[in-house]
Amino acid sequence: MRKYWLFKSEPSVYSIDDLRKEKVAYWDGVRNYQARNFLRDEIKPGDLVLFYHSNAKPTGVAGIAKVVKAGYPDFTAFDPNSDHFDPKSKEESPTWFMVDVKFVEKFNMPVTLEKIKSNPRLSSMKLVQRGNRLSVMPVTKEEFDEIVRMSKE
DNA sequence: GCCAACGTTGGC
DNA sequence: GCCAACGTTGGC
């Protein structure tokens, strides 16, 4: 059973255009335990991902990606030269995980946070709930389909 | 750049 | 185990 997710990224760090160029990327640098659990345990090849641009103009869902590799250790945590280095994560018992995603589609127009907030069918999305800072979160199929539909308006 | 909302750290 | 201080996220 395919699942649906929303991944946040700051486009100044990694954007949907970067993914379109690279085709496939590893989703590294997640350093939150709840998000880690999703990456390690629940996100599987074939799952679809809303690629969300945070701290952007405008902020919103920029396109779609597909998971092509399930959770495996985030090796950037082992690299002292990486921005994401975490000395507490050991190779024999990794703390942090990542998945690989593949470019699927860039929306012609991003589905902005403003539009998401003003759509009553999306009012239960975790994204728009108060104080949510998760960078990897589940979305329902209905929410996913609604966002895709809005991208075509 | 500001700041609210969280998560994490570390002294006790 | 509590909780104040600190760091980060992310919208605005």
Side-chain angles (χ1 to χ4, degrees), chain A residues 3-22 25-43 47-67 71-101 103-140 142-151 153:
Chain A
K3 295 195 181 107
Y4 299 85
W5 307 92
L6 182 145
F7 289 7
K8 291 181 190 171
S9 181
E10 298 193 27
S12 61
V13 178
Y14 198 84
S15 72
I16 187 86
D17 291 318
D18 295 322
L19 183 61
R20 178 162 61 181
K21 213 174 305 167
E22 290 190 5
Y26 51 83
W27 202 266
D28 64 313
V30 173
R31 297 292 179 267
N32 168 284
Y33 285 100
Q34 204 181 340
R36 185 281 309 271
N37 292 345
F38 291 135
L39 291 169
R40 185 188 60 191
D41 304 331
E42 294 198 45
I43 301 178
D47 288 1
L48 291 177
V49 174
L50 296 171
F51 194 122
Y52 180 88
H53 282 172
S54 62
N55 278 319
K57 288 185 183 185
T59 172
V61 178
I64 299 171
K66 183 190 243 179
V67 178
Y72 62 104
D74 180 344
F75 51 79
T76 65
F78 309 138
D79 177 3
N81 296 317
S82 168
D83 289 343
H84 303 306
F85 177 58
D86 180 356
K88 293 193 296 303
S89 183
K90 305 292 182 200
E91 296 197 43
E92 60 273 18
S93 60
T95 309
W96 306 115
F97 285 74
M98 59 186 177
V99 300
D100 288 356
V101 298
F103 177 80
V104 174
E105 176 186 354
K106 180 186 177 181
F107 293 159
N108 291 328
M109 289 290 288
V111 178
T112 62
L113 181 60
E114 192 184 5
K115 285 185 191 161
I116 292 170
K117 281 180 172 167
S118 63
N119 185 338
R121 295 155 91 172
L122 298 176
S123 61
S124 59
M125 277 187 83
K126 283 192 181 12
L127 179 70
V128 297
Q129 284 164 15
R130 206 173 97 103
N132 194 308
R133 294 177 4 191
L134 262 188
S135 62
V136 170
M137 68 181 80
V139 302
T140 67
E142 290 69 28
E143 290 160 353
F144 184 93
D145 290 343
E146 178 68 7
I147 299 244
V148 171
R149 194 190 62 71
M150 290 165 76
S151 77
E153 280 180 346

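Below, chains carry the letters A, B, ... as their sequence lines are ordered, and counting in each starts from 1.
- The distance between atom CG of A:Leu127 and atom C1' of C:dT9, rounded to the nearest whole Å, is 13 Å.
- Atom C1' of nucleotide C:dT9 and atom CZ of A:Phe7 are separated by 18 Å, given to the nearest angstrom.
- Here C:dG11 presents its P atom at 8 Å from NZ of A:Lys117, a figure rounded to the nearest Å.
- When each of A:Tyr14, A:Trp27, A:Phe38 is checked for a side chain to side chain contact (heavy atoms under 4.5 Å, CB included) with A:Phe7, only A:Trp27 meets the rule.
- In this structure, A:Tyr72 and A:Phe75 have tilted ring planes: the angle between them lies in the 30° to 60° band.
- Between A:Leu113 atom CG and C:dG10 atom C1' the separation is 10 Å, expressed in whole Å.
- One interatomic measurement links the two molecules: NE2 of A:His84 to P of C:dT8, which rounds to 13 Å at whole-angstrom precision.
- When the C1' atom of B:dT8 is taken as reference, atom OH of A:Tyr33 falls 9 Å away, rounded to whole Å.
- In this structure, A:Lys88 does not reach the B:dT8 phosphate: none of its side-chain N or O atoms is under 4.0 Å from OP1 or OP2.
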Checklist line | Working for side-chain hydrogen bond (donor to acceptor under 3.5 Å, both in side chains), residues A:Thr95 and A:Tyr33 | finding: CA-CA 9 Å; A:Thr95 309; A:Tyr33 285 100; 5.5 Å; no

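- Among the atoms of the strands shown, only primed sugar atoms or phosphate atoms (P, OP1, OP2) are found under 4.0 Å from some heavy atom of A:Leu134.
- Under the 4.0 Å criterion applied to side-chain N and carboxylate O atoms, A:Arg149 and A:Glu146 are assigned as salt-bridge partners.
- As rounded to whole Å, 17 Å separates atom P of B:dA4 from atom CG of A:Asn55.
- Between A:Tyr52 and C:dT9, a side-chain N or O to OP1/OP2 separation shorter than 4.0 Å is absent.
- In this model, the phosphate group of C:dT9 is not approached by any side-chain N or O of A:Lys8 to a distance below 4.0 Å at OP1 or OP2.
- Atom pair A:Asp83:CG and C:dT8:C1' shows a separation of 14 Å (rounding to whole Å applied).
- Comparing C:dG11, B:dT8, C:dT9 by their closest approach to the side chain of A:Arg133 singles out C:dT9.
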